[in-house]
Amino acid sequence: MKTRTSLLLGSLSAALVAFALTSPRVVAADKVDPVADAKAFQNFFFQKFPDVKHEDFVNGPYSMNADLKRQWQEKEEFPPYEFALDAGKEMFSTPFKNGKTYADCFPNGGIGIRQNYPYFDEKDGKVVTLELALNRCREANGEPPYSYVKDEMASLTAYMAFTSRGKPMDIKIPDDPRALEAFENGKRYFYTRRGQLNFSCASCHVQSPGERIRAEILAPALGILNAMPIYRSEWSGMGTTSRRFVTCNSQTRAVPLEPQSDEYRDVEYYLSYVANGLPISGPGARP
Amino acid sequence: MKRSLPLAMLLALCFAPNARAANEADYKAAFAAAEAASKEATGLRNQWTVTVQALTAAKKAADGGDFDRATAAAKEAEALAKASIFQANTEKEAWKAMEIR
Amino acid sequence: MTTTTGLHPTRRLILQGAASVALIGLGNLPFAAGPARAAANDKYPEEAFKQKNEADAIKALYGKTAEPSDKVKLDAPEIAENGGVVPVSVTTTLDKVTSISFLVAENPFALAASYKFADGTVPAVANRLKMAKSTKLVAIVEADGKLYSAAKDVKVTVGGCGG
Amino acid sequence: MASSIRVRATSNGDITEVQALIQHPMDTGLVKNPAGELIPAHYIQQLKFEWNGKDVFVADWGTAVSKDPYVKFSFKGAKKGDELKISWTDNKGGSDTTTAKIA
């Protein structure tokens, strides 16, 4: 049994040494530069898929495969997220027990603002996502918070996303070291390998978008959150960004963190920022 | 065929000595080590689902009195937890290699 | 999609009157009386839906066999994006179509859906079906009392990388 | 409260295209819930589209129709403003009905 563990550790370290030797890239000085990161990120995908229109990246796997796109367009005629959308609209206008509604918590009454989320809250010193802001609004008005992975939250974010459809993603990073740190932390999470399968988000969504993992076509990382929340046929139900992160983790056999923990909020901040300029297409339908 | 027979016998022999049945004390020691490693992995926020499954399997086997299987499962859990710790530590720097620049 | 209240009252009465007459007086003859319409009655084909394999289901539903015909155009994905929601549709140039059915050979019960067409209804239908695994998909069209069929293979697997 | 049936009926010239999306679990009876028990079969068996007192389209469904089922067909003879009555019944005796104006 003892030999087994050392064998395991030996192979991992050997792989690492080999890996380090092969990557000639000199690690640039570690000054966080979101603007340059976003430019490099977008150019990587624009060059890797020259014939995909820039705004089409937000359609995830459907921008990568024609047959899949046809199935999607057929579904979009009468999309399965129609019910969540109506439920969200109704919930959005139903007042809380204290008479207030969600509109009172959000700028512009919560209409057409999804493209600015997540944002960095300088008072709180942390990233605030749309899902977190919704639950904070509920708690501020004496209502119990919703689960981040269940239908109610998905319906609310579906409606808010719908009111922003077509608007370019517009995430701001204030000149605050904590905001830069959150961005960097999100980037680190995105590229860090985890789980027994030893995958990072990038292993699938940067190195092999357009390729298949069994029945599914991998979506490109660029604009991957623009369609959130999504109705997934796989779940035959709605899924929030939180649910997507949690399920992705467990697929690589990593134990998921608490929804809306710092890492998830930061990686959402990073992925949304690098997709600045690409249109919001939520709510979306996915395999 | 003739020569390989003694070879097979020899192999069987060298495994024989450590095959005595694991008892509860062995299991307790192995489980404690596994749990410590698993806590460290959770501390690094890099626990694996298979580690948790192995720990549960160990407990289940121990409750059933099958300390052989329980000890093996606990050792497996420890190995997995250690691997996840190693992964977390190496990735602290290794992630930069894959970053789009 | 609000229900309509704007209908002129008397016209509404006439409509309801006509509807009830149709249902009571003429039984279920709203379908134009034509040649023997095996599937014309409104009863839910319980038996057909219980059949495991495709041939028995067709026999239980129509009582005759179908012959392949290129006039039946079956449209289904080559690889289903998800076995739970497979968009499938059929159109046909045959006329006097009274029924179209879909059978998923590898499902626990082959008959998935069966549609009855009145006169004047365009012989085409689109729907979303479940497929247990990679399977042959068959569309049956009953036109002028005869059965025509088209088939297509659909690949179905689970998604994701493991868990 | 919104009905479980969403209908979009649009007429262009003589042909009216009808699309319907129905909120229903369509359980096959072969699936287990997380606790390991079989979820009983619960699926729409018959869906009827009635126009002018006449059933223009009747769907008989088995357990292989997707959750939140969708169906599209078209028929001749109706014109803008006519009323389409849609109703379904499921294997547990549940049912729902709604009417829609052809746009």
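Proteins get letters first, then strands, A, B, ... in listed order; numbering begins at 1 in each.
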Please indicate whether [X] has more than 12 foreign heavy atoms, meaning atoms of other residues, nucleotides or ligands, lying under 6.0 Å from its [atom1].
X       : atom1 : result
C:Lys50 : NZ    : yes
C:Lys71 : NZ    : no
D:Lys92 : NZ    : yes

With a 4.5 angstrom heavy-atom cut-off, could you sort out which part of [X] is near chain C: side chain, backbone, both or neither?
X       : answer
D:Leu30 : side chain
D:Lys48 : side chain
D:Ile44 : neither

Problem - Donor-acceptor pair, side chain of C:Thr121 and main chain of D:Val56, under 3.5 angstrom - result: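 Checking the backbone N and O of D:Val56 against the side chain of C:Thr121, a donor-acceptor pair under 3.5 Å is found.
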
Between C:Tyr115 (side chain only) and D:Phe73 (backbone N and O only), is there a donor and an acceptor less than 3.5 Å apart?
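Answer holds: no.
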
Spacing of [X] atom [atom1] and [Y] atom [atom2] [to the nearest 0.5 Å]:
X        : Y       : atom1 : atom2 : value
D:Asn91  : C:Tyr44 : CG    : OH    : 8.0 Å
C:Arg128 : D:Lys72 : CZ    : NZ    : 10.0 Å
C:Leu111 : D:Asp60 : CG    : CG    : 8.5 Å

Beyond-backbone contact of C:Lys116 with D:Gln46, side-chain heavy atoms, under 4.5 angstrom: yes

>> Do D:Thr63 and C:Phe49 make a side-chain contact, defined as non-hydrogen atoms from C-beta onward lying under 4.5 Å apart?
In response: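 Sidechains of C:Phe49 and D:Thr63: no contact.
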
Is it the backbone or the side chain of [X] that comes under 4.5 Å from a heavy atom of chain D, or both, or neither?
X        : result
C:Pro108 : side chain
C:Val104 : neither
C:Val86  : backbone

Heavy-atom pair with the smallest gap, counting every atom of [X] and [Y]:
X        : Y       : result
C:Lys130 : D:Val65 : CE-O, 3.2 Å
D:Ser66  : C:Val85 : OG-CA, 3.6 Å
C:Asn107 : D:Ala64 : ND2-CB, 3.4 Å

Highest number of heavy-atom pairs under 4.5 Å with chain C among D:Gln19, D:Gln45, D:Met26, D:Lys76 belongs to D:Gln45

